[in-house]
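Heavy-atom basis, side chains included; hydrogens, waters and symmetry copies ignored.
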Amino acid sequence: MLLLPRLLLPRFLSLSSLPRSSPLPPHASPLTLNPIDSVPNPLTTTTPNPIKLPLSKLYIPPEADFSGDETAVLKGSNIVLGSYAYDSQVVNAEFVKSSVNTEDCPGDGLPEFALVGRSNVGKSSLLNSIVRRKKLALTSKKPGKTQCINHFRINDSWYLVDLPGYGYASAPKESRLDWQKFTKDYFMNRKTLVSVFLLIDASIPAKKIDLEYASWLGRNQIPMSIIFTKCDKRKKKKNGGKRPEENAAAFESLISEFFESAPPWIMTSSVTHAGRDEILLHMSQLRNYWLKH
């Protein structure tokens, strides 16, 4: 039976009545989080250029005993490590099947995490990085190539699910409608879905379609984590570009308008593999909690 932790179920707020962010409470001291780098180390928090977040912006998982210790916060994220963060490493990974509807998905009851994002956000590259396999999920320079629900079994005990990207304008209208229909049906009816990992390109400013997708997930109370991709890219300041950390902070701020509590987020790069270990640790504590409850 799927039991969703309270902090994983944000309350959707209508855009017409969005409250302003409340000020930081007097007792909430800021914590120092690390920007991503090329050598992931989940429990290291000392870097030359830290990201500071107040306690109210942290994601504290169910049953986590958090006393404010900075070393318990995953690097390049707002996620606190709890007691369920174990058995995180990938030993083996294999493609199982592609499905065009939820009923055709594997029926073995194993927990799963779905990766979804705008076309060309780097979804297949991130999946390959997570499992340390260059060609487990096929990548393409042409967006919109993923058109099915693709299941990859990890360690014979859980699934990564690659879903069709959204927002690809060149795809036929009928195909876009079909993808949206069966993807949303999967979100609403897949009982073994532990969490959706919404991928956002941090090398560019927030897109309206990403905000709309996040709001739909919130409105339908679908557990969600935000994965910021392409965090190795740096836009030139003279061209008005911002650092990935700035774009990620702006998107997180906009998400806070939609959600009552801060969703978990992680900064990643499929080029440097930064964020890979953090994603696996985050998945492990969500998965192990789900299995227990």
Side-chain angles (χ1 to χ4, degrees), residues 34-45 47 73-77 79 81 84-98 106 108 110-141 143 145-146 148-165 192-203 225-233 244 248 264-288 290-291:
N34 299 283
I36 70 170
D37 57 29
S38 59
V39 184
N41 185 349
L43 299 182
T44 300
T45 57
T47 64
V73 181
L74 285 174
K75 183 183 55 176
S77 82
I79 299 169
L81 275 181
Y84 289 97
Y86 56 88
D87 293 338
S88 64
Q89 293 304 307
V90 173
V91 177
N92 57 69
E94 62 177 336
F95 171 74
V96 175
K97 67 178 300 187
S98 294
D108 50 18
L110 296 179
E112 55 195 50
F113 298 90
L115 306 181
V116 69
R118 188 167 47 84
S119 295
N120 207 30
V121 74
K123 182 162 47 67
S124 296
S125 296
L126 179 67
L127 193 155
N128 290 334
S129 175
I130 291 173
V131 301
R132 296 188 186 275
R133 294 266 296 277
K134 291 184 178 181
K135 297 181 179 180
L136 182 66
L138 295 179
T139 60
S140 173
K141 293 183 179 179
K145 295 299 287 185
T146 302
C148 298
I149 304 173
N150 298 312
H151 275 76
F152 301 87
R153 187 162 50 225
I154 311 299
N155 299 345
D156 295 322
S157 60
W158 57 282
Y159 288 106
L160 279 174
V161 183
D162 188 10
L163 295 175
T192 53
L193 177 63
V194 178
S195 180
V196 174
F197 278 53
L198 178 63
L199 276 59
I200 303 296
D201 186 348
S203 70
S225 298
I226 304 169
I227 304 298
F228 292 110
T229 65
K230 305 184 181 182
C231 292
D232 56 288
K233 294 189 175 182
W265 54 262
I266 302 173
M267 301 183 70
T268 71
S269 167
S270 59
V271 175
T272 66
H273 303 295
R276 174 189 181 274
D277 289 354
E278 287 76 10
I279 288 177
L280 289 173
L281 282 166
H282 180 49
M283 285 181 171
S284 72
Q285 64 182 3
L286 294 179
R287 183 176 69 251
N288 291 324
W290 183 89
L291 287 169

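- The OG1 atom of Thr192 sits 8.5 Å away from atom OH of Tyr159, with the distance rounded to the nearest 0.5 Å.
- The heavy-atom pair separating Leu126 from Ile279 by the smallest distance is CD1-CD1, 4.0 Å.
- Taking CG of Leu115 as the reference point, atom CD1 of Ile130 lies at 5.5 Å (rounded to 0.5 Å).
- In this structure, CE in Met283 is found 5.0 Å from CG in Leu160, a value given to the nearest 0.5 Å.
- Residues Ser129 and Arg276 approach most closely at O-NE, 3.0 Å, considering heavy atoms.
- Taking 4.5 Å as the limit, every side-chain heavy atom of Ile266 sits out of range of all side-chain heavy atoms of Ser225.
- Counting only heavy atoms from C-beta outward, the side chains of Arg118 and Asp201 approach each other to under 4.5 Å.
- Among all heavy-atom pairs drawn from Ser284 and Leu281, the shortest one is OG-O, 2.6 Å.
- Every residue was checked against the salt bridge (Lys or Arg N to Asp or Glu O under 4.0 Å) condition with Asp87, not counting sequence neighbours, and none meets it.
- One distance of note links CD1 of Ile227 with OG of Ser77; it measures 9.0 Å at 0.5 Å rounding.
- At a threshold of 4.5 Å between non-hydrogen side-chain atoms, the residues Glu94 and Asp156 count as touching.
- Separating the CG atom in Asp162 from the CD1 atom in Ile149 is a distance of 11.0 Å, to the nearest 0.5 Å.
- Side-chain contact between Trp265 and Ile200: absent, with no pair of heavy atoms (C-beta onward) separated by less than 4.5 Å.
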Determine, step by step, whether Leu286 and Phe113 satisfy the side-chain contact (heavy atoms from CB on, under 4.5 Å) criterion, reporting the C-alpha distance in whole Å, the side-chain angles of both residues, the deciding distance to 0.1 Å, and the verdict.
CA-CA 10 Å; Leu286 294 179; Phe113 298 90; 4.1 Å; yes
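- Between Val131 and Ile154, the shortest heavy-atom contact is CG1-CD1, 3.8 Å.
- Here NE2 of His151 is found 8.5 Å from CG of Leu163. Values are rounded to the nearest 0.5 Å.
- A donor-acceptor pair under 3.5 Å is formed between the side chain of Asn155 and the backbone N or O of Gln89.
- Of all heavy-atom pairs spanning Ser98 and Cys148, the tightest one is CB-CB, 3.9 Å.
- Heavy atoms only, all atoms of each residue included: Lys230 and Gly122 are closest at CE-N, 4.4 Å.
- Between Phe197 and His282, the ring centre distance stays below 6.0 Å.
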